[in-house]
Number of protein chains: 2
Amino acid sequence: MATLSDVARKAVVSKMTVSRVINHPEQVSAELRQLVYKSMKELNYVPNSAAQALVHNRTQVIKLLILEEMDTTEPYYMNLLAGIAIELDQRHYSLQLVTRSSHTIGRCDGLIVTGMRETDYDHIISHLEQPLILFGENKKGYDYVDVDNKKGMQMVTEHILNHGCQKILFYGIEIDEPFMRSRIEGYEETMKMKQLLPQINLMKNSSHIAQFEAEKVLQKNHERIAFVCASDRLGIGVVHAAQRLGLNIPDDVMVTGFDGVFLDRIAQPKLTTIRQPIVEMGKTCAKLLLDKIDQDGMKQGNRIYKPELIIRNSTTT
Amino acid sequence: MATLSDVARKAVVSKMTVSRVINHPEQVSAELRQLVYKSMKELNYVPNSAAQALVHNRTQVIKLLILEEMDTTEPYYMNLLAGIAIELDQRHYSLQLVTRSSHTIGRCDGLIVTGMRETDYDHIISHLEQPLILFGENKKGYDYVDVDNKKGMQMVTEHILNHGCQKILFYGIEIDEPFMRSRIEGYEETMKMKQLLPQINLMKNSSHIAQFEAEKVLQKNHERIAFVCASDRLGIGVVHAAQRLGLNIPDDVMVTGFDGVFLDRIAQPKLTTIRQPIVEMGKTCAKLLLDKIDQDGMKQGNRIYKPELIIRNSTTT
DNA sequence: TTGTAGGCGTTATCAA
DNA sequence: TTGATAACGCCTACAA
């Protein structure tokens, strides 16, 4: 692999001139600049990032801290990761995955944190000195990236109402975190606005639990009913329940999910859902973080994505 | 962050002694060694890997080259990645994700390659000079990690035969790669051994396509029938087909999947499947690769995992 | 067994 | 505008 010196020798200039052409090209005369570019190309020069990291006291490593259990890891994450990785690669950073079990965080230039619970702030997050970006809304003032959860749930609830169903149950995940509270709010407010009674049922994020719960409800129910779910996984469970009882989707039972990553398409019928642009959001996490690092840890604010309603056969024919 | 010099100063020894305690502890007297350990602990010393990388002409970066389309990315990958990441972190390497679209591979110490097609050998793989490990069997002599695909399909086919069903169809993925050929072989040989007619149907790895195909078959069929599928995704499609036609699983129709990552548990009923220990396999990929790097690219051979038959309600009650 | 000198590839600083 | 020098943190080679 060619080094700065190789390029310098070939162009018959000093190493510094080459370095300048790379970092402050405007400080170099056009003539030499062209000469250096030519040599770089010929030698196929790529800067050695270890050396750069050393001078700048950087690691060029970003850690992704996944605080959710591996068990609950949904397809979801792969997309987040893909987004993050694409952006990091472009800016010559690399990635390390850290889970709750890794006891020590180790060296890095910054962190992206996801799957965080309330208690993690004190135990983990507040001890970190590196810049960080959270994936998922929070009320503690940390910079974050998320979709507008409340708006999403409003959209999907209104969609059901517009299709002539007034009995709407909410199936959510039993977890006291902001993203969940926002989704509940979105549902609740929409229902109250129409003078309808919100019915909220929280459970573990498992398709089998959702199925079990929904079967109980459907056995007693005799009118048209809808389940708006806070995840596609719960949505799939409800679909199974309806099918087991021989009910028609969407005529007897309407079902919606949330996420729009993979599972919505696996369901049969496919799920109406709120799609989160996860890959995009991953890229944004990385972008924000790298900018934050470049700006010496300055606050970057939040990035809140507009949710997208994907209408499928679980609510319409 | 503390450096070698800091530790040396604190322990009142030279930098070299500290370096030796880390890399060749046996060359240092017990007395000094303890002193140095103590100082390291007190200063919370962690070696600067950029500096190490620089001296050793390493990058400390491993790339994971994912040649499959993002679209077909299954939950599967997250587990592979998790395994790889755990091992890399322990050995102070970091990771970069590269997809087909990244035009240049860039600097790294080694690669793990997955989702490769026949044509990629010439176009991509053969141009790489870094050590590499493939995830997935191949006949070109590259070191790889995989599950015994043939054995897995034999196990699951025999399982069906033992449960009194002789009409067994194979649903596979329409892709001419070794892993698929092995799974087909496993099915074919088991059937032939019992003098039964193998029936092989290849299609895109999509639950909806599998459902479509299975419905066609089931409409004409009037005996007990089983579908052994080459992925859980196909298996889910067959389950949907049976349900749409009001058939009972497993009494009328038996279904099996392959992979045992996430989707098998989402299905209702849960799928009998061949579980691949993906996290473990990911760790092994990383381990093999790092060893290969340490041994200057020496051939490491293959690691073939025993498949595990997970019996669930899609074949038994 | 321990320490000194030099170098890995890059960049900031200062001098020309 | 350009170049020489020193420094980043660590390790190899050699010397004591």
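Every chain is numbered from 1, with letters handed out A, B, ... down the list of sequences.
- Regarding contacts with the backbone of C/dG3, a side-chain N or O of B/T17 is found under 4.0 angstrom from either OP1 or OP2.
- Atom CZ of B/R33 and atom P of C/dT1 are 9 Å apart (whole Å).
- Residue B/K299 places its NZ atom among more than 12 non-hydrogen atoms of other residues, nucleotides or ligands, all under 6.0 Å distant.
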Dump the intermediate steps for side chain to side chain donor-acceptor pair (under 3.5 Å) on B/E137 and B/N149, then the final yes or no.
CA-CA 9 Å; B/E137 55 177 294; B/N149 288 295; 2.8 Å; yes

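- Rounded to whole angstrom, the span from the CD atom of B/Q60 across to the C1' atom of C/dG9 amounts to 16 Å.
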Trace of the side chain to side chain donor-acceptor pair (under 3.5 Å) decision for B/K292 with B/Q300:
CA-CA 7 Å; B/K292 192 169 186 172; B/Q300 302 290 312; over 6 Å; no

Where do B/Y305 and B/T284 land on the side chain to side chain donor-acceptor pair (under 3.5 Å) test, with the steps shown first?
CA-CA 10 Å; B/Y305 279 78; B/T284 300; 2.5 Å; yes

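- Between A/Q27 and A/R20, the closest heavy-atom pair is OE1-CD, 3.6 Å.
- Ring orientation note: the planes of B/Y142 and B/Y121 are close to parallel, at an angle under 30° on the 30°/60° scale.
- Between its opening and closing five pairs, the helix from C/dT1-D/dA16 to C/dA16-D/dT1 changes axis direction by 40°, a value rounded to 10 degrees.
- Remark: side-chain polar atoms of B/R303 are not paired, donor with acceptor, to backbone N or O of B/Y144 under 3.5 angstrom.
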Take nucleotides 4-16 of chain D nucleotide by nucleotide from the 5' end and write B, S or -, depending on whether a protein heavy atom sits under 4.0 Å from the base, only from the sugar-phosphate, or from neither.
B---BBBSB----

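- Ionic pairing of A/R117 and A/E177 is not present here: no N-O contact between side-chain nitrogen and carboxylate oxygen is shorter than 4.0 angstrom.
- Put simply, CG on A/L32 is 7 Å from P on D/dG3, counting in whole angstrom units.
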